[in-house]
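To start, the structure itself, in C-alpha cells.
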Amino acid sequence: MEYIRIIDSKDYVEQKVQIKGWVANKRSSGKIAFLQLRDGSAYFQGVALKSQLGEALFDAITHLNQETAVEVVGTIQEDGRSKFGYEIHIEDLKVLGDSVDYPITPKAHGTDFLMDHRHLWLRSSKQHAIMQIRNEIIHATFEFFYERGFVKIDAPILTGVAGENTTDLFEVDYFGDNAYLGQTGQLYAEAGAMAFGKVFTYGPTFRAEKSKTRRHLTEFWMIEPEIAFCDHEDSLKLQEEYVAYLIQHVLDHCDYALDVLGRDREVLKRYTQLPFPRITYDEAIEMLQKADFDVEWGADFGSPEETYIAEHFEKPVFIMNYPKAIKAFYMKDHPDRDDVVLCADLIAPEGYGEIIGGSERETDYDILREKIINFGLNPDDYDWYLDLRRYGSVPHSGFGLGLDRFVTWVTGNKHIRESIPFPRLLNRLYP
RNA sequence: UCCGCAAUAGCUCAGUCGGUAGAGCACGUGACUGUUAAUCACGCUGUCGCAGGUUCGAGUCCUGCUUGCGGAGCCA
C-alpha cells in the first residue's frame with residue numbers, strides 16, 4: 001500500500017492508500033463522520049462509516065481533537081460533494097500525536113490573536129495558500145534568472161556602512177565595533193556584476209523605520225538583479241518581463257491557492273500583457289497638480305499620490321527620472337538634464353504601491369565620489385565600492401523587487417503581514 | 001513621532017439613562033448515514049487592560065498610563 005500526499009489523490013482513485021496528516025476539523029452524524037484532513041500539500045475530507053469501522057474506532061474518530069496528528073488508511077474516491085473533488089473512505093486510523101485545546105478554532109478571530117499564534121495560523125487554508133504562492137514566486141524568480149544566465153550571489157547581512165542614507169538602520173555590536181543589518185544588497189550585487197556579468201541576490205533586508213502601515217515590515221525580502229553592459233532601457237524591459245513571468249507562473253502553478261483566496265484570474269492575466277505603461281516624474285507631477293494634489297516639483301510621492309497615479313492605468317506603471325535630490329547617491333545623471341537621474345519605480349495597481357525601484361548606476365569614479373560627499377557620506381567607507389569604477393568600469397543597471405509586497409499584491413491581500421511566514425513589525429517580534 | 005479608534009468569558013462581540021455580568025462560538029454530554037465554519041437539546045466559562053478620581057453606587061463618567069488597530073510621514 002502506498003503512502004501518498006493529498007495533492008496527488010486524483011492519481012489514486014479507487015486505490016487503497018495511506019495518508020499522514022492532521023485533523024483540521026470534523027463533523028459527525030450518528031453513523032457517519034467527516035474529518036477535514038490536511039497534510040501540508042492540500043486539504044480534503046475523510047469519510048468514516050460506523051457500519052464499516054465498528055463502534056470503538058468510530059467513537060474514537062468522532063472524539064478526535066482539532067489538529068490531532070493521524071495516520072489514515074483508506075480508499076480514494078472521486079466525489080463532487082467534497083469541496084476538493086476527492087476524498088478518502090477511512091478503513092483504519094491511528095493517532096500519532098494528540099492535540100488538546102488548540103487555540104485557533106474554526107470561527108472568527110482577530111488579527112492580533114492570530115498573529116500571536118502565527119506559528120499555528122500558518123496551518124490554516126488561507127495562510128497555506130498565500131505561502132504556496134510566495135513559494136512559487138521564489139521558485140519562478142530563480143527559474144527566470146537562471147534561464148537568462150544570471151548567477152545568484154549572496155550579499156552580506158552584516159555591514160559596516162549604510163547602503164543608502166535615507167533610512168534608519170538596525171545597529172548591532174560587532175566585537176566592540178558598530179555594524180548594521182543591511183538595508184540593501186545592491187552595492188555588493190554591483191561587485192558581483194563586475195565578476196559574473198549578470199547576478200541577482202535574494203535575501204532579507206532590514207529597515208528600522210517606525211512605519212506603521214499595511215505596506216511595511218522591518219524585515220523584508222528583496223530580489224536585486226544587477227547587470228553589466230546594461231543601460232536603463234534594457235533594465236526596464238527586463239523588469240517588466242520578470243514581473244509578467246512571475247504572474248504567469250502563479251497562474252500556471254497556483255490554481256487551488258488562487259481559488260482559496262478568491263483572486264480574480266482575469267485581473268492577473270492583464271498584468272502579463274507587455275509592455276507596461278511609462279510616464280516621467282514630470283508628467284506624474286503634472287497629473288497630480290491637475291487633480292489638486294498639493295505637490296511641487298522636487299517632492300517625493302506619498303502613498304495617496306502613488307495610488308492616484310496607479311488608478312489611471314490597468315497595469316503596473318513605471319514612473320521614470322526622479323529628481324536626483326530624492327534618490328540614492330549611486331544613480332546615474334540623465335544625459336540631457338542635470339536635475340534628474342536615470343531611474344524608475346514600478347507602481348502596482350489596486351493601491352499596492354511601489355514594488356520595484358531601479359536605476360542605471362553611476363560609472364565615473366570622480367562623479368560618484370562627489371555624489372557620495374554631497375549626500376553627506378564618508379567616501380573612505382565606500383572605497384571598495386569606488387574600486388568598481390577604478391578597475392574597468394562599465395555601464396550597468398539593476399533593480400530591487402520587494403518580495404513581500406509583490407506577494408501581497410498577487411494574492412490580493414489587504415496587509416503585508418500575512419505575506420511572510422513570521423512578520424517583523426514595529427510592535428511584533430513574537431513568535 | 002503625529003492624528004483617530006479600541007480594550008468585557010479560551011475566541012468574536014453586546015451591555016440602553018450610572019443601579020447585582022450577557023449572547024454566539026469553542027469545550028463537555030446526548031440525538032442525527034453526505035456534512036461543507038453541519039444542525040438541534042442540555043451543561044460549563046469572568047481580576048470588565050492597569051492606576052487613580054467623581055458618586056450612596058462605575059463595565060458605563062473624568063484623568064494618567066499600557067497594549068493593540070487604522071491612517072500619515074519614510075520606503076520595497
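Each chain gets a letter, A, B and so on, in the order its sequence line appears, and its residues count up from 1. Worth knowing before you read on, the calculation uses all heavy atoms, side chains too, and leaves out hydrogens, waters and symmetry mates.
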### Query
5'-most contact on RNA chain B: A/D101 or A/K26, nearest heavy atom basis?
A/D101
### Message
Any strand counts, and the cut-off is 3.5 Å on both contacts for Watson-Crick or G-U wobble. Which nucleotide pairs with B/rG19?
### Response
B/rC56
#### Entry: Integer angstrom distance from the C1' of B/rC11 to that of B/rU54
35 Å
### Message
Counting the atoms with a prime plus P, OP1 and OP2 as sugar-phosphate, which does A/G302 contact under 4.0 Å by heavy atoms, base, sugar-phosphate, or nothing?
### Response
sugar-phosphate
### Summary
Separation of B/rU33 atom P from A/R81 atom CZ, nearest Å, is 15 Å
## Note on the structure
Under a 3.5 Å limit on both distances, the Watson-Crick or wobble mate of B/rG30 is B/rC40
### Task
Indicate whether OP1 or OP2 belonging to B/rU33 is found under 4.0 Å from a side-chain N or O atom of A/K31.
yes
### Whole-angstrom distance between B/rG15 and B/rG70, as gauged at atom P
23 Å
### Query
If you look at every strand shown and take non-hydrogen atoms under 4.0 Å, does A/L403 touch a base, only sugar-phosphate, or nothing?
nothing
#### Entry: From CE (A/M320) to CZ (A/R278), nearest 0.5 Å
6.0 Å
### Query
Would the number of heavy atoms belonging to other residues, nucleotides or ligands and lying under 6.0 Å from CG of A/D231 be above 12?
yes
### Query
Do other residues, nucleotides or ligands put more than 12 heavy atoms under 6.0 Å from A/N378 CG?
yes
#### Entry: Watson-Crick or G-U wobble mate for B/rU1, both contacts under 3.5 Å
B/rA72
### Message
Taking only the P atom of each, what is the distance from B/rG52 to B/rU39 in whole angstrom?
### Response
45 Å
#### Entry: A/Q66 CD - B/rA37 P separation (whole Å)
14 Å
### Task
Tell which nucleotide pairs with B/rG24, taking only Watson-Crick or G-U wobble pairs whose two distances are both under 3.5 angstrom.
B/rC11
### Task
Classify the side-chain pair A/E91/A/Q52 by whether it contains a donor and acceptor separated by less than 3.5 Å.
no
### Query
Looking just at side-chain N and O atoms, do A/T363 and A/R361 make a donor-acceptor pair shorter than 3.5 Å?
no
### B/rC62 versus B/rU16 - spacing of their P atoms, nearest Å
14 Å
### Task
State which residue, out of A/L346, A/I279, A/D282, fulfils the side-chain contact (heavy atoms from CB on, under 4.5 Å) condition with A/I319.
A/I279
### Message
So, under a plain 3.5 Å distance rule, would you say the side chain of A/S211 forms a donor-acceptor pair with the base of B/rC74?
### Response
yes
### Shortest side-chain distance from A/E305, nucleotide among B/rC75, B/rG73, B/rG34
B/rG73
### Query
NA contact type, A/E87, heavy-atom cut-off 4.0 Å: base, sugar-phosphate, or nothing?
base
### Summary
Checking N1-N3 plus N6-O4 or O6-N4 for Watson-Crick, or N1-O2 and O6-N3 for wobble, each under 3.5 Å, the partner of B/rU63 is B/rA51
### Task
Write down the distance between NZ (A/K327) and P (B/rC74), rounded to a whole number of angstrom.
11 Å
#### Entry: Gap between atoms CZ and P, on A/F58 and B/rU33 respectively (whole Å)
9 Å
### Summary
Heavy-atom nearest nucleotide on RNA chain B taken for A/P103 and for A/Q45; more 5' hit belongs to A/P103
### Query
Expressed in whole Å, how much space separates the C1' atoms belonging to B/rU20 and B/rA7?
24 Å
## Note on the structure
Rounded to whole Å, the CD1-P distance (A/I355 to B/rC75) equals 18 Å
### Task
Verify whether one side chain among A/E136 and A/Q132 offers a donor that lies under 3.5 Å from an acceptor in the other.
no
### Message
Mind checking if A/D300 touches a base, just sugar-phosphate, or nothing, with heavy atoms under 4.0 Å?
### Response
sugar-phosphate
### Task
Calculate the interatomic distance between A/I137 atom CD1 and B/rA76 atom C1'; express it in whole Å.
14 Å
### Task
Report the distance from atom OG of A/S124 to atom CD1 of A/I130, rounding to the nearest 0.5 Å.
8.5 Å
#### Entry: Atom-pair distance (CG on A/N25; C1' on B/rC25), nearest Å
12 Å
### Query
Does any N or O donor sit under 3.5 Å from an N or O acceptor when you compare the side chain of A/H109 with the base of B/rC11?
no
### Query
Closest heavy-atom contact between A/D116 and A/P431?
O-CD, 4.2 Å
### Message
So is the aromatic ring of A/F220 stacked onto the base of B/rA76, judging by whether the centres are under 5.5 Å apart and the planes are under 30° apart?
### Response
yes
### Task
Identify whether any heavy atom of A/T205 sits under 4.0 Å from a base atom; if not, whether one sits that close to sugar-phosphate; answer base, sugar-phosphate or nothing.
nothing
### Task
Would you mind classifying the nucleic acid contact of A/F34 as base, sugar-phosphate or nothing, using non-hydrogen atoms under 4.0 angstrom?
base
### Task
Just compare B/rC32, B/rC75, B/rA37 and give me whichever is closest to any side-chain atom of A/A108.
B/rA37
### Message
Can you check the distance between B/rG59 and B/rC17, where both ends of the measurement are the C1' atom (answer in whole Å)?
### Response
15 Å
### Message
Roughly how many Å apart are B/rG49 and B/rU67, using the C1' atom of each and rounding to a whole number?
### Response
8 Å
### Task
Let me have a per-nucleotide readout for nucleotides 64-71 of chain B, 5' to 3', with B, S or -, counting only protein heavy atoms under 4.0 Å.
----SBSB
## Note on the structure
Atom CG of A/D59 and atom C1' of B/rU29 are separated, to the nearest Å, by 12 Å
### Query
Counting only heavy atoms not in A/E55, do more than 12 sit closer than 6.0 Å to its CD atom?
no
### Message
Applying a 4.0 Å non-hydrogen cut-off, can you work out what A/L401 is touching in the nucleic acid: base, sugar-phosphate, or nothing?
### Response
nothing
### Query
Among the nucleotides B/rU1, B/rC75, B/rG34, which one has an atom lying closest to any side-chain atom of A/K210?
B/rU1
### Task
Quote, to the nearest angstrom, the P distance that separates B/rA76 from B/rU1.
23 Å
